[in-house]
Every structure is written in C-alpha cells, then in structure tokens.
Student: 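This is the structure I want to talk about, given as structure tokens.
Count residues from 1 along the sequence.
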Amino acid sequence: NKAIEIENVNKSYGDVRALEDVNLTIEQGEFFGLLGPNGAGKSTLIGVLGGLVNKDSGQVTVLGNDVVQNYRKTKKSLGIVPQEVVFDPYFNVRETLEIQSGYFGVKDNGERIDEVLDALGLKYKEDTNIRGLSGGMKRRLLIAKALVHDPDIIVLDEPTAGVDVELRKSLWDYVIKLNEQGKTIILTTHYLEEAEQLCDRIAILNKGRVVAVDQKEELIKRI
Ligand code: ADP
Ligand code: ADP
C-alpha cells in the first residue's frame, strides 16, 4: 500500500478554490515536503487528509483505507501536528497526553507517555500546567500529542513557524530520527530551505494546484 493517495481532490470555500484537481501519491517511509506560499492550500490539504475538512470531490486513502469511509482506522494511522497551538488549559502536560492516549484507545501503563515525554524533552515539565508553558514547550507538547498513539504517518503543518533557531534544529533532528525509524513524514512549509534540507521529494502547491512534484534534487535544478 501507498502511505497516501490523493486523487482529483477539489475544495472551495465560496469563490475561493482552495484545492483544484490535486493528485499526489506518497510512499511509505518517504520524507515528503509540501511547499507553497501562504494561502496555497497546504492546511486545507492536511485537513482533507485527516478527514477534518470535507472535500467537494475526489478520493483520499491512507494506507489503502478511504479517509471518509474508514475514518477511525485512518485517523489511527495518522499523527497530525496542527499549525496552531490549542490545548485545554485546565490540564498539565502529562494529563494532556493521557487524555489523548485515551482518545485513541492506547493501552498504556504510562510507559508510552514517558517515552514521548523523554523524546521531546518534556519529562521535567510533566506536572506543569499548560498555562505555565513557554511557546517552545507548547510546540513540543503539540508534537508529543500527535505521537502518543505511535502513528505510521506523521504530518507536520508548518512546525517551525515562529520557532527559534535552537528549537527548530532540535525538531528537525527529531523528525529525521522518526523518518529513519521508518515513519512516513509529511511536512508543509513555505521555506524552500526547510524542504530542501529535510525532504526526499517535494510538491509545490500554488493557488490550490500542484504545480510541480519531484525528487528534491531535480526540483531544485528547475527553480
Ligand atoms: P496555506 O495553508 O497554504 O496557507 P490554506 O489551506 O490555509 O493555505 O488556505 C487556502 C485558501 O483557502 C486561502 O485562500 C484561504 O484564505 C482559504 N481558506 C482556508 N480556510 C478557509 C475557511 N475555513 N473559510 C474560508 N476560506 C478559507
Ligand atoms: P472527533 O473525531 O471526536 O471529532 P476530534 O477531531 O475533535 O475528534 O479530535 C479529538 C482530539 O484528538 C483533538 O485534540 C484533536 O486535535 C486530536 N486528534 C484527532 N486526530 C488526530 C491525529 N490524527 N493526530 C493527532 N491528534 C489528533
């Protein structure tokens, strides 16, 4: 099975065609970049992929399963790290991950949560309330939350927007490691440099259309 197959997907918001005849196939284990300026349709595409945005037409499958017909199953295969940081402010770091893990029906006696906390350098903050976290720590928690159910495919929507250089470097190192462990990574960005450093293959999205998709080296030659 392909990690992701997107076929003839269209999505409009009123007069705005956010996605126009989008076709993309992403292989398992790939580090795939979705590059495009603000408003290109990247977040909409991620929403469609996660079954959170209703497309007007087309088909999307995750590991061979249709995202609409087989929503529960495809959701478990995906770990989506959204762009905006939104948490329930009443909980601490560990509780936030416990709730998420319950939502996904993860059977865990705390070990998986420890693992994720360690991996993201959040262990020492586990008892800290969300309101007491810095922006960088919230960003880490957002990633931890998407990984708690150990998904095969990890989707990061502009993960380094507004993130300082040091954290960006450590997030990059971490996603590279996940990819080396066999996870499929999909990363949206409007920085060519970011896509170029990290991704094997890159699609360029502009005004809702895929205008190019190729191996990084080939694509860079043409820009
Ligand atoms: P990107 O993530 O590449 O910045 P988006 O997918 O957020 O692009 O947006 C694509 C287009 O769709 C933009 O023109 C945006 O203004 C519009 N759009 C996105 N979400 C909505 C929405 N909920 N309602 C109306 N227009 C939207
Ligand atoms: P429902 O399917 O009940 O509508 P939501 O979409 O509201 O659930 O999601 C519940 C919680 O799970 C939210 O915190 C949401 O951000 C998170 N979530 C849903 N799907 C994923 C995913 N694939 N990866 C990471 N977090 C997810």
Side-chain angles (χ1 to χ4, degrees), residues 31 34 42-53 62-63 67 71-191 194 198:
F31 199 135
L34 201 55
K42 303 184 296 295
S43 295
T44 303
L45 190 58
I46 299 307
V48 166
L49 197 65
L52 304 167
V53 169
V62 173
L63 296 170
V67 294
Y71 179 66
R72 283 270 139 201
K73 196 163 182 183
T74 59
K75 209 160 175 167
K76 280 196 177 167
S77 308
L78 292 169
I80 299 182
V81 184
Q83 217 178 97
E84 74 289 1
V85 178
V86 240
F87 295 112
D88 197 325
Y90 300 103
F91 299 106
N92 67 30
V93 166
R94 188 172 196 98
E95 287 161 348
T96 301
L97 297 180
E98 282 169 354
I99 293 164
Q100 186 69 10
S101 144
Y103 172 73
F104 276 105
V106 178
K107 288 194 182 57
D108 183 31
N109 49 18
E111 281 168 27
R112 176 62 188 164
I113 289 178
D114 283 335
E115 203 174 290
V116 173
L117 286 170
D118 277 336
L120 285 146
L122 280 166
K123 192 79 176 83
Y124 77 111
K125 293 278 185 191
E126 66 176 330
D127 297 324
T128 304
N129 186 272
I130 298 296
R131 279 173 289 206
L133 292 182
S134 68
M137 284 296 153
K138 282 183 184 161
R139 183 65 64 175
R140 284 167 189 264
L141 181 56
L142 200 64
I143 296 174
K145 203 178 143 189
L147 295 182
V148 97
H149 60 296
D150 197 21
D152 290 326
I153 302 165
I154 299 157
V155 184
L156 302 121
D157 196 0
E158 307 245 1
T160 58
V163 161
D164 63 56
V165 179
E166 205 176 322
L167 179 56
R168 185 181 313 166
K169 179 80 177 53
S170 74
L171 292 183
W172 283 12
D173 288 346
Y174 186 55
V175 287
I176 289 168
K177 207 167 86 186
L178 288 168
N179 183 237
E180 284 168 358
Q181 289 166 7
K183 304 291 187 189
T184 306
I185 312 281
I186 302 167
L187 176 129
T188 82
T189 181
H190 57 266
Y191 298 115
E194 188 160 67
L198 295 170

Student: Please name all residues satisfying salt bridge (Lys or Arg N to Asp or Glu O under 4.0 Å) with E194, sequence neighbours left out, ordered by chain then number.
Tutor: none
Student: List in chain and number order the residues that pass side chain to side chain contact (heavy atoms under 4.5 Å, CB included) with E180, two or more places apart in sequence or in another chain; answer none if no residue qualifies.
Tutor: I176
Student: Can any side-chain N or O of H149 pair as donor or acceptor with the backbone N or O of S77 at less than 3.5 Å?
Tutor: no
Student: Ignoring hydrogens and angles, tell me if any N or O in the side chain of S134 forms a donor-acceptor pair with the backbone of M137 under 3.5 Å.
Tutor: yes
Student: So, do V62 and Y71 sit near enough that their side-chain heavy atoms are less than 4.5 Å apart?
Tutor: no
Student: Starting at CG of L142, measure out to CG of L147 and round the result to the nearest 0.5 Å.
Tutor: 10.0 Å
Student: Looking only at heavy atoms, what is the nearest atom pair of I80 and A146, with distance?
Tutor: O-CB, 3.5 Å
Student: Rounded to the nearest 0.5 Å, how far apart are OG1 of T189 and NZ of K42?
Tutor: 7.5 Å
Student: Mind listing the side-chain donor-acceptor pairs of residues 151-159 below 3.5 Å, one per line with the distance, residues two or more places apart or on another chain?
Tutor:
unit_1 : atom_1 : unit_2 : atom_2 : d
D157   : OD1    : Q83    : NE2    : 3.3
D157   : OD1    : T188   : OG1    : 2.6
D157   : OD2    : S43    : OG     : 2.9
E158   : OE1    : H190   : ND1    : 2.8
E158   : OE2    : H190   : ND1    : 3.2

Student: CZ of F87 to CD of Q100: how many Å apart, nearest 0.5 Å?
Tutor: 9.5 Å
Student: Sort out for me which residue in L122, L120, T128 forms a side-chain contact (heavy atoms from CB on, under 4.5 Å) with L141.
Tutor: L122
Student: Could you pull out all residues at least two apart from D127 that satisfy salt bridge (Lys or Arg N to Asp or Glu O under 4.0 Å)?
Tutor: none
Student: For the side-chain contact (heavy atoms from CB on, under 4.5 Å) test, which of I186, L187, T184 pairs with F31?
Tutor: L187
Student: Within this structure, what is the OG1-OH distance for the pair T160 and Y191, rounded to the nearest 0.5 Å?
Tutor: 6.5 Å
Student: Taking everything shown except K138 itself, do over 12 heavy atoms lie less than 6.0 Å from its NZ?
Tutor: yes
Student: For E126, which residues count as a salt bridge (Lys or Arg N to Asp or Glu O under 4.0 Å) partner, sequence neighbours excluded?
Tutor: R94, K123
Student: I46 and L34: which non-hydrogen atoms are nearest, and at how many Å?
Tutor: CD1-CD2, 4.4 Å
Student: Between A144 and L97, which heavy-atom pair has the shortest distance, and what is it?
Tutor: C-CD2, 3.8 Å
Student: Side chains of Y103 and K75 only: does a donor on one sit below 3.5 Å from an acceptor on the other?
Tutor: yes
Student: Taking salt bridge (Lys or Arg N to Asp or Glu O under 4.0 Å) as the definition, give me every residue that meets it alongside K125, ordered by chain and number, with sequence neighbours left out.
Tutor: none
Student: I need the minimum non-hydrogen distance between R139 and P82, along with the two atoms involved.
Tutor: NH1-O, 4.2 Å
Student: Run the side-chain hydrogen bond (donor to acceptor under 3.5 Å, both in side chains) test against D118 and tell me which residues pass, sequence neighbours left out.
Tutor: none
Student: Under the salt bridge (Lys or Arg N to Asp or Glu O under 4.0 Å) rule, what pairs show up with a residue in residues 161-170, not counting sequence neighbours?
Tutor: K169-D173
Student: What is the distance from atom CD1 of I99 to atom CZ of F91, rounded to the nearest 0.5 Å?
Tutor: 4.0 Å
Student: Could you tell me which residues satisfy side chain to side chain contact (heavy atoms under 4.5 Å, CB included) with E115, sequence neighbours excluded, listed by chain and number?
Tutor: R112
Student: Kindly write out the residues that satisfy side chain to side chain contact (heavy atoms under 4.5 Å, CB included) with Y90, not counting sequence neighbours, or none if the list is empty.
Tutor: D88, R131
